[in-house]
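Here is the structure we will look at, set down as structure tokens.
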Amino acid sequence: MSASLAPECNEVKEKYDTCFLKWYSEKYIRGNSSTDECEPLFKQYKACLTKALREKGVDTMLNEAREGTVETDAEHLRR
Amino acid sequence: MRIFSSSYTFDYSWEEVSTNNWRKYCPWNDKASHVLAVDTLSRHVDPETGILRTERLITCKQNAPQWVLNILGGDTTSHVYEVSYVDPAAKKVTMCSTNMTWSNLLECRETVVYQPSSQDANGKTDFKQAAKIVALCGGWQKIRSKIEEVSVERFRENAARGREGFETVLEMSRRAFGEEREKINMGQPATI
């Protein structure tokens with residue numbers, strides 16, 4: 001799996017990624033689960049990552065990039 | 001504005017492609033050394049449609065030409081923001097990405113779609129990629145045009161490398177999975 005941009009988050013990221021991939025391949029795409037079972041691990045990873053993004057100043061750049069998702073959500077988040 | 005598009009068919013099922021797509025930039029991919037990190041920012045399943053929406057931040061080693069770095073003052077890393085949608089019922093993965101670095105100067109929006117192949121829906125996957133590149137800087141049309149031209153060229157090179165790298169990941173994954181299955185069949189513990 002790939003690394004995190006914040007090395008201190010690598011350990012929890014690895015655990016989360018492994019959990020996600022297993023859930024995705026074994027349940028989600030087979031139509032056996034509609035809730036993300038790895039949410040608790042994601043919360044831990046996210047807490048670590050959010051802090052790092054703020055420190056690196058990436059969070060403000062992200063907010064700008066997110067503006068474009070209104071269009072893509074409208075197009076791809078429905079049937 | 002320049003448009004770049006390409007298509008390709010992977011000799012793997014949609015399930016394999018869409019799963020391995022999440023680890024496209026793992027160490028198995030020897031063509032992606034410019035990708036330093038891939039972080040998931042958010043992820044949830046839409047309760048109405050069942051579509052999985054994921055936001056990721058991709059951190060790359062800067063690969064702009066030296067003359068561009070000289071003019072703009074080069075940071076050593078660049079960031080890409082990606083939002084993706086997986087529709088498991090329709091078997092469709094759509095990934096939309098945009099550059100965060102130098103976004104006031106150059107806008108590069110890419111859309112990638114993976115769907116079961118129209119020729120062999122169970123064994124093959126069609127890949128479609130389209131990118132729109134627009135230089136936003138004021139001033140000479142000639143410079144804008146040059147920046148766009150260089151960017152499209154980089155995009156083309158990266159697209160080819162990306163495909164090659166992903167092929168390796170798919171192959172390694174199938175091999176590892178096969179070996180694991182053999183071990184389990186022989187009563188040995190799995191290691192991955």
Side-chain angles (χ1 to χ4, degrees), chain A residues 1-7 9-10 12-14 16-39 41-43 45-46 48-50 52-53 56-79, chain B residues 14-16 18-20 22-27 29 32 35-55 57-59 77 79-101 103-104 107 109 111 113 177 192:
Chain A
M1 223 69 76
S2 10
S4 171
L5 94 162
C9 307
N10 271 340
V12 64
K13 177 192 189 304
E14 178 78 26
Y16 168 68
D17 281 346
T18 307
C19 175
F20 168 74
L21 211 59
K22 194 171 160 60
W23 170 79
Y24 181 87
S25 60
E26 293 177 7
K27 294 185 178 170
Y28 178 69
I29 52 169
R30 293 172 203 278
N32 296 333
S33 169
S34 57
T35 48
D36 185 349
E37 292 169 5
C38 309
E39 189 74 38
L41 276 173
F42 184 71
K43 280 192 178 142
Y45 164 45
K46 172 107 180 161
C48 182
L49 183 66
T50 305
L53 293 179
K56 291 175 194 291
V58 181
D59 53 348
T60 46
M61 288 162 81
L62 267 172
N63 291 338
E64 280 175 38
R66 279 193 171 113
E67 286 168 14
T69 60
V70 178
E71 279 168 46
T72 58
D73 279 354
E75 192 179 344
H76 303 292
L77 207 53
R78 64 189 171 102
R79 288 248 163 73
Chain B
W14 181 83
E15 285 76 7
E16 281 179 283
S18 92
T19 299
N20 283 297
W22 297 117
R23 56 177 167 206
K24 183 175 168 185
Y25 303 115
C26 74
N29 187 340
V35 178
L36 301 173
V38 180
D39 282 286
T40 303
L41 300 165
S42 78
R43 179 169 270 149
H44 64 261
V45 179
D46 184 71
E48 269 175 48
T49 58
I51 292 172
L52 178 74
R53 181 185 190 272
T54 304
E55 285 182 297
L57 172 69
I58 297 158
T59 305
T77 59
H79 297 290
V80 172
Y81 169 79
E82 172 200 87
V83 56
S84 63
Y85 311 88
V86 180
D87 185 339
K91 293 198 179 183
K92 186 179 180 189
V93 174
T94 310
M95 315 189 91
C96 309
S97 52
T98 175
N99 61 306
M100 289 166 58
T101 305
S103 56
N104 51 349
E107 187 185 80
R109 288 181 181 274
T111 305
V113 177
F177 189 69
I192 57 166

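Just so it is clear: chains get the letters A, B, ... in the order the sequence lines come, proteins before strands, and each one is counted from 1. Given the structure is predicted, the values throughout are model-derived calculations rather than measurements.
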Pair count under 4.5 Å, heavy atoms only, with chain A: among B:Lys92, B:Lys24, B:Arg43, B:Arg23, highest is B:Arg43
Under the salt bridge (charged side-chain N to carboxylate O under 4.0 Å, His left out) criterion, do B:Glu107 and B:Arg109 qualify, and how do the steps go?
-> CA-CA 6 Å; B:Glu107 187 185 80; B:Arg109 288 181 181 274; 3.8 Å; yes
Interatomic distance, NE2@B:His79 vs NZ@A:Lys56, rounded to 0.5 Å, equals 8.0 Å
Highest number of heavy-atom pairs under 4.5 Å with chain A among B:Asp39, B:Asn20, B:Thr19, B:Leu36 belongs to B:Asp39
Determine yes or no for a side-chain-to-main-chain donor-acceptor pair under 3.5 angstrom, with A:Tyr45 supplying the side chain and B:Thr40 the backbone.
-> yes
Where on B:Glu16 is there a heavy atom nearer than 4.5 Å to chain A: the side chain, the backbone, both, or neither?
-> neither
If you look at every heavy atom in A:Ser2 and A:Lys13, which pair is closest and at what distance?
-> O-NZ, 3.0 Å
How far does CG of A:Leu77 sit from CD1 of B:Ile51, to the nearest 0.5 angstrom?
-> 5.5 Å
Flag the pair B:Ile58 / B:Ser97 as yes when at least one side-chain heavy-atom distance between them is below 4.5 Å, and no otherwise.
-> no
Evaluation steps, side chain to side chain contact (heavy atoms under 4.5 Å, CB included), between B:Tyr85 and A:Thr72 = CA-CA 9 Å; B:Tyr85 311 88; A:Thr72 58; 2.8 Å; yes
One should read off an interatomic distance between A:Tyr16 OH and A:Lys43 NZ, to the nearest 0.5 angstrom, of 12.0 Å
Please flag which part of A:Asn10 lies under 4.5 Å from any non-hydrogen atom of chain B: side chain, backbone, both or neither.
-> neither
Does any heavy atom of chain B fall under 4.5 Å from the side chain of A:Tyr28, the backbone, both, or neither of them?
-> both
State, to 0.1 Å, how close B:Leu41 and A:Phe42 come at their nearest heavy-atom pair, and which atoms those are.
-> O-CZ, 3.5 Å
When heavy-atom pairs shorter than 4.5 Å are enumerated against chain A, which of B:Pro27, B:Ser18, B:Ala32 gives the highest number?
-> B:Ser18
Go through B:Asp46, B:Leu52, B:Asn29, B:Thr111 and name the one with the most non-hydrogen pairs under 4.5 angstrom from chain A.
-> B:Leu52
Answer with side chain, backbone, both or neither: which region of B:Tyr25 has an atom nearer than 4.5 Å to a non-hydrogen atom of chain A?
-> both
Top contributor to chain A contacts, counting heavy-atom pairs under 4.5 Å, from B:Val86, B:Asn99, B:Thr59, B:Val83 = B:Val86
Which region of B:Ser84, side chain (C-beta onward) or backbone (N, CA, C, O), has a non-hydrogen atom less than 4.5 Å from a non-hydrogen atom of chain A, or is it both or neither?
-> neither
Go through the atoms of B:Val38 and report whether side chain, backbone, both or neither lie under 4.5 Å from a heavy atom of chain A.
-> both
Measure distances from B:Val35 to the heavy atoms of chain A and classify the residue's part below 4.5 Å as side chain, backbone, both or neither.
-> neither
Most heavy-atom pairs under 4.5 angstrom with chain A, which of B:Lys91, B:His44, B:Glu55?
-> B:Glu55
With only heavy atoms counted, which part of A:Arg30 is less than 4.5 Å from chain B, the side chain, the backbone, both or neither?
-> neither
In terms of heavy-atom pairs under 4.5 Å with chain B, the winner among A:Asp36, A:Leu62, A:Leu53 is A:Leu62
Quick one: do A:Leu5 and A:Leu49 satisfy side chain to side chain contact (heavy atoms under 4.5 Å, CB included)? Show the steps, please.
-> CA-CA 8 Å; A:Leu5 94 162; A:Leu49 183 66; 3.7 Å; yes
Check whether B:Leu57 gets within reach of chain A through its side chain, its backbone, both or neither, counting any heavy atom under 4.5 Å.
-> side chain
